[in-house]
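In listed order, ligands and their atoms are each counted from 1. Quantities reported herein were computed from a predicted structural model and do not represent experimental measurements.
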Amino acid sequence: MPGALDARERSAALRRLAAGPLDVLVVGGGITGAGAALDAASRGLRVGLVESRDLAAGTSSRSSKLIHGGLRYLEQGDFKLVREALRERDLLVTRLAPHLVKPVPFLYPLYRKVVERPYVGAGLVIYDAMEGARRPVPHHRHLSARGALRRAPALRPERLAGAMVYYDAQVDDARYTVTVARTAASHGAIILTRASALSLLRTADAGEPGDDGAGGGPDGERVTGARIRDEETGREFDVHAAQVVVCAGVWSDLVYQASGVPAAYHVRMSKGVHLVTPRSAIDADTGMIVRTEKSVLFFIPWGERWIVGTTDTDWTGDRDEPAATGEDVDYILTAANRVLAKPLTRADVVGVYAGLRPLVAAAAQTPTTKLSREHVVDVPLPGLASIAGGKFTTYRLMARDVVDAAVAGFPRPVPASVTEQLPLLGADGYPAVRAAARRLAEDYGVPLATVEHLLGRYGSLTGEVLELVRADRSLGRPLLDGYAYLRAEVAYAVTHEGALHVEDVLARRVRLLIESPDAGAAAAPAVTAIMGGLLGWGRRRRVLEVRRYDEFAAANCEALQSPAELPEAAPIPA
Ligand SMILES: Cc1cc2nc3c(=O)[nH]c(=O)nc-3n(C[C@H](O)[C@H](O)[C@H](O)COP(=O)(O)OP(=O)(O)OC[C@H]3O[C@@H](n4cnc5c(N)ncnc54)[C@H](O)[C@@H]3O)c2cc1C
């Protein structure tokens with residue numbers, strides 16, 4: 001089936017990659033790498049992608065999950081970034097992924113009547129004006145203090161002078177990344193997860209110049225592929241490609257260092273932490289954004305929960321699993337409680353996660369909040385291009401730019417990027433399938449709410465998940481009581497979405513890692529049983545998978561363990 005990432009057929013992908021040669025080998029399966037694979041494959045190129053862990057296992061599953069222009073960047077004068085991001089937002093909402101990217105309102109409370117309303121209002125006029133012609137979200141509106149409290153009774157009423165409401169959009173970042181990778185696969189890209197690029201092959205290593213006919217670097221050198229390790233077996237092999245495109249986020253400098261290639265930029269890591277609370281903890285029917293001393297704090301509606309964050313601090317520790325600390329948790333709670341009438345406590349927090357922003361650094365002393373979110377493309381040697389920085393929202397432009405740089409030296413003409421015209425899997429026919437929701441519910445004998453849940457995650461591919469339920473009614477049961485995820489979604493993650501381990505399912509295909517108080521540990525045995533059945537796991541493997549997930553879940557809950565006393569009443573933001 002085109003675009004199915006089938007875990008069972010991973011060995012075929014290994015064979016095809018090793019057989020090469022490719023036109024483009026992408027290193028990194030976050031949103032940038034998945035986007036680059038799609039961009040290159042849809043230009044008719046032979047493409048492979050290697051990801052050392054799982055798709056979106058890095059930053060691309062740990063963001064604020066907003067597809068936005070970024071009001072804050074407007075204030076910093078980053079007009080180009082905001083304009084581009086808003087146009088991308090509208091393209092994704094209307095054409096490329098309307099099933100995954102949904103408009104969301106944000107309320108901006110005002111506390112200084114005379115100064116703040118004209119200032120924020122003028123910013124929002126510019127923000128709205130920067131959209132393209134599509135305008136899929138309403139314009140901003142002014143609210144009185146009473147109007148603000150009607151939308152968000154959770155706000156402290158003291159000194160509240162009114163509010164503005166504006167619109168952005170939100171997405172399940174990991175699901176979106178997997179969908180882009182699947183769409184790339186549907187255009188012929190070979191996607192291989194749990195496979196690391198250990199080092200780059202250079203002419204001296206390979207003995208032969210690359211086959212694209214272009215000349216070498218100053219000393220005749222060029223990159224001709226990469227040495228890959230299959231992380232499931234430890235086996236190493238070479239993949240030959242005319243161009244290697246590095247989309248390794250905060251790991252970019254490690255890829256360069258492993259091959260002794262000097263980089264034109266340095267990636268600085270900035271840690272951002274989010275908390276997840278039940279929806280009932282904060283009484284509001286809209287998202288909210290409030291100012292903090294250093295930046296802004298978002299309250300983002302997330303199904304039956306809120307995501308609250310974020311922080312922005314330099315990070316030099318482990319890149320694979322950046323840790324949220326008790327102080328991060330308390331910082332967010334304290335910042336939130338400045339505006340909430342009923343303070344949040346640690347008991348309200350069901351999940352916490354941390355991610356690393358790959359910021360392209362200038363001087364080391366620049367605070368990370370001030371570093372630009374624009375991206376930088378680097379071509380340090382013939383046969384090698386890389387990209388860093390940027391935002392999830394602008395991934396399509398980043399992908400286009402780095403592929404343009406990579407193919408600039410090809411001896412034959414390569415078509416321009418077509419991704420602006422290319423809906424992702426699940427977008428094609430989505431309005432018609434959505435209109436048929438009631439009929440689907442009757443045909444498959446499932447509640448309408450189940451079909452609506454699936455539509456927002458699989459779009460027009462919803463029928464593929466429902467077919468699994470038709471074949472095995474037990475897969476129509478919830479994965480975990482109190483959550484909408486079905487057991488069929490676990491099976492689908494294995495047969496169509498490339499999940500290889502229990503962690504891949506619970507952390508990224510469904511989001512129980514961040515949504516349930518035990519980080520999804522209670523669902524691990526059920527996930528293991530379904531995956532094990534499909535992948536032929538024996539008893540030992542099943543025990544190992546559950547144990548590994550339990551350890552992973554426990555590590556993720558650590559920041560919530562240490563007892564803490566929060567300051568009681570903090571002043572409302574000035
Ligand atoms: C806290 C936070 C909040 C954010 N909020 C938003 C937001 O709301 N909206 C927005 O637009 N942006 C947001 N961003 C930014 C956005 O999330 C990132 O810009 C984006 O996810 C980066 O994607 P990437 O693919 O470049 O990196 P990653 O997702 O980190 O992907 C890099 C991948 O490369 C793999 N890799 C590394 N080395 C190798 C190797 N040697 N071989 C094979 N694979 C390798 C890694 O395993 C990883 O999966 C946020 C970021 C953070 C941290």
Item checked: Residue from Leu333, Ile332, Val352, Asp348 passing side-chain contact (heavy atoms from CB on, under 4.5 Å) with Val308 -> Ile332
Next item on the list: Using a strict cut-off of under 4.0 Å between a residue heavy atom and any atom of ligand 1, list the qualifying protein residues by chain and number.
Entry: Val27, Gly28, Gly29, Gly30, Ile31, Thr32, Val50, Glu51, Ser52, Gly58, Thr59, Ser60, Arg62, Ser63, Ser64, Lys65, Leu66, His68, Ala195, Ser196, Ala197, Cys247, Ala248, Gly249, Trp251, Val255, Gly272, His274, Thr310, Gly355, Leu356, Arg357, Gly390, Lys391, Phe392, Thr393
Notebook entry, point to check: Quick check: does any side chain N or O of Ser64 sit under 3.5 Å from a backbone N or O of Leu66, one acting as donor and the other as acceptor?
Noted result: no
Notebook entry, point to check: Where the side chain of Arg62 meets the backbone of Gly58, is there a donor-acceptor pair that is under 3.5 Å apart?
Noted result: yes
Who passes ring pair (Phe, Tyr, Trp, His ring centres under 6.0 Å) against [X], sequence neighbours left out?
{"X": "Tyr167", "answer": "none"}
{"X": "Tyr108", "answer": "none"}
{"X": "Phe299", "answer": "none"}

